[in-house]
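Treat the numbers as computed from the prediction; the structure is a model and nothing was measured. Below, chain A is the first sequence line, B the second, and so on; all start at residue 1.
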Number of protein chains: 2
Amino acid sequence: MAGTKQALESLKEVGYRLTPQRMLVLSAIQEGGHLSAEEVYGRVKEEYAFIDIATVYRTLALLKRLRLVTETELGDGPARYELSTEPHHHLVCRGCGETTPLNDDLFAPLRLTLRERLGFEAELEHLPVFGICSRCGAQGRRAERRRAGVATERAGTAQ
Amino acid sequence: MAGTKQALESLKEVGYRLTPQRMLVLSAIQEGGHLSAEEVYGRVKEEYAFIDIATVYRTLALLKRLRLVTETELGDGPARYELSTEPHHHLVCRGCGETTPLNDDLFAPLRLTLRERLGFEAELEHLPVFGICSRCGAQGRRAERRRAGVATERAGTAQ
DNA sequence: CTTGGTGCAAAACTTTTGCACGGAG
DNA sequence: CTCCGTGCAAAAGTTTTGCACCAAG
């Protein structure tokens with residue numbers, strides 16, 4: 001897809017007004033990447049103190065509808081928004097919280113299988129793939145060895 | 001994993017009390033499958049009118065911690081809960097909302113690749129795979145042909 | 001001018017939490 | 001008898017909505 005400028009173009013083309021608020025929200029997302037509505041709000045407010053969070057939500061909803069930004073639901077906490085680029089996903093480590101971009105190619109076979117076998121057009125866009133990264137995995141295994149045999153579950157593994 | 005009885009066993013084994021509320025929540029989930037907390041609440045209330053939704057949430061959180069139920073975040077609306085069974089996922093059609101179970105095998109290659117290439121242990125458990133089912137896909141294409149050339153987007157594609 | 005977009009305030013919706021009482025073990 | 005689990009009520013966190021005014025086209 002595109003950068004802020006092209007995004008603004010698209011907005012105009014489709015008949016929406018170009019307001020400072022919309023421009024600011026767009027550039028906040030472009031610079032920030034993976035921001036929550038609240039964070040976008042914070043960033044925009046630095047440049048234009050009077051913006052309301054409702055406007056941010058409305059703008060994000062609009063941009064999402066136009067497929068200019070992507071919304072990702074991380075399960076807990078607020079949704080996060082990102083400028084649409086070429087299709088990709090994210091690895092999200094439950095240990096350290098780090099997110100790593102993940103090329104879409106890995107999902108092609110799955111998408112194909114679903115289409116051929118079930119006639120299902122999977123969107124599989126911008127998925128958060130939860131798990132444990134190599135670094136945290138190593139740590140976890142060490143910790144596990146340390147308390148080997150305890151096991152009552154009460155403590156619970158990272159959910 | 002298991003049915004309600006075994007689940008109750010597990011609860012007791014790990015040292016939690018067996019209360020009517022917990023039994024009712026469990027059997028509601030077993031019978032209902034894919035229920036929201038509110039729906040579980042509704043079902044349980046039919047048999048025990050005094051239960052509180054807070055109890056439902058607390059019980060669901062407990063069962064989730066013990067891995068007896070799985071929580072799925074569908075992005076909009078409330079989380080949905082399901083009794084844990086063998087690993088599987090769901091196709092969720094954005095058109096008709098229908099959900100179809102999906103065998104986990106399809107995800108094995110992806111999981112393997114992530115492990116080997118990046119050392120990332122992907123959880124990929126009980127994923128909602130959004131998309132358009134064959135039935136709705138056909139309808140959509142027909143509708144599109146009907147209004148071919150209009151295109152202002154305003155209407156918006158199914159989000 | 002006209003209508004769409006904004007700010008403000010309030011509501012909606014889902015989920016969590018504090019507290020005191022009652023029942024399971 | 002002890003303390004875990006519950007009901008009740010209130011709060012918290014995120015997102016949506018009604019309304020009057022303002023500004024983009």
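The pair Asp104(A)-Arg111(A) meets the salt-bridge criterion, with a side-chain N (NZ, NE, NH1 or NH2) lying under 4.0 Å from an Asp/Glu carboxylate O. Checked for salt-bridge contact, Glu121(B) and Arg115(B) meet the test: a charged N lies under 4.0 Å from a carboxylate O.
Here the side chain of Leu18(A) is nearest to one of dT17(D), dG7(C), dG25(D), namely dG25(D). Distance from the side chain of Arg58(A) is smallest to dC8(C) among dC8(C), dA9(D), dT6(D).
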List every contact pair, protein side and nucleotides 12-15 of chain C side both N or O, where the distance is under 3.5 Å.
from    : atom 1 : to       : atom 2 : distance (Å)
dT15(C) : OP1    : Ala79(B) : N      : 3.1
dT15(C) : OP2    : Tyr57(B) : OH     : 2.4
dT15(C) : O5'    : Tyr57(B) : OH     : 3.4

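Here dT6(C) presents its P atom at 11 Å from CG of Leu24(A), a figure rounded to the nearest Å. Atom CG in Leu62(B) sits about 15 Å away from atom C1' in dT16(C), given to the nearest Å. The nearest whole Å value for the distance from the CZ atom in Arg65(B) to the C1' atom in dG5(D) is 13 Å. Note: CE (Met23(B)) to P (dG5(D)) measures 14 Å, nearest angstrom. In this structure, CZ of Arg17(B) is placed 5 Å from C1' of dA24(C), rounded to the nearest angstrom. In this structure, Lys45(B) places its NZ atom 17 Å from P of dT6(D), rounding to the nearest Å. Between the CZ atom of Phe50(B) and the P atom of dA9(D) there is a distance of 14 Å, given to the nearest Å.
One finds a side-chain N or O of Tyr48(A) lying less than 4.0 angstrom from the OP1 or OP2 phosphate oxygen of dG7(C). In this model, the phosphate group of dA23(D) is not approached by any side-chain N or O of Gln21(A) to a distance below 4.0 Å at OP1 or OP2. Taking only side-chain nitrogens and oxygens, Thr55(B) comes nearer than 4.0 Å to OP1 or OP2 of dG7(D).
For Glu73(A), the side chain to side chain contact (heavy atoms under 4.5 Å, CB included) test picks out Ala79(A), Glu73(B), with sequence neighbours left out. Every residue two or more places apart in sequence or in another chain was checked for a salt bridge (charged side-chain N to carboxylate O under 4.0 Å, His left out) with Arg17(B), and none qualifies.
Each of Ile51(A) and Asp52(B) was matched to the nucleotide of DNA chain C holding its nearest heavy atom; the match closer to the 5' end belongs to Ile51(A).
No side-chain donor-acceptor contact under 3.5 Å links His126(B) and Thr70(B). Counted by atom type alone, Glu39(A) and His34(A) present zero donor-acceptor pairs between their side chains at under 3.5 Å.
Here OG1 of Thr59(A) is found 11.0 Å from OH of Tyr81(A). Values are rounded to the nearest 0.5 Å.
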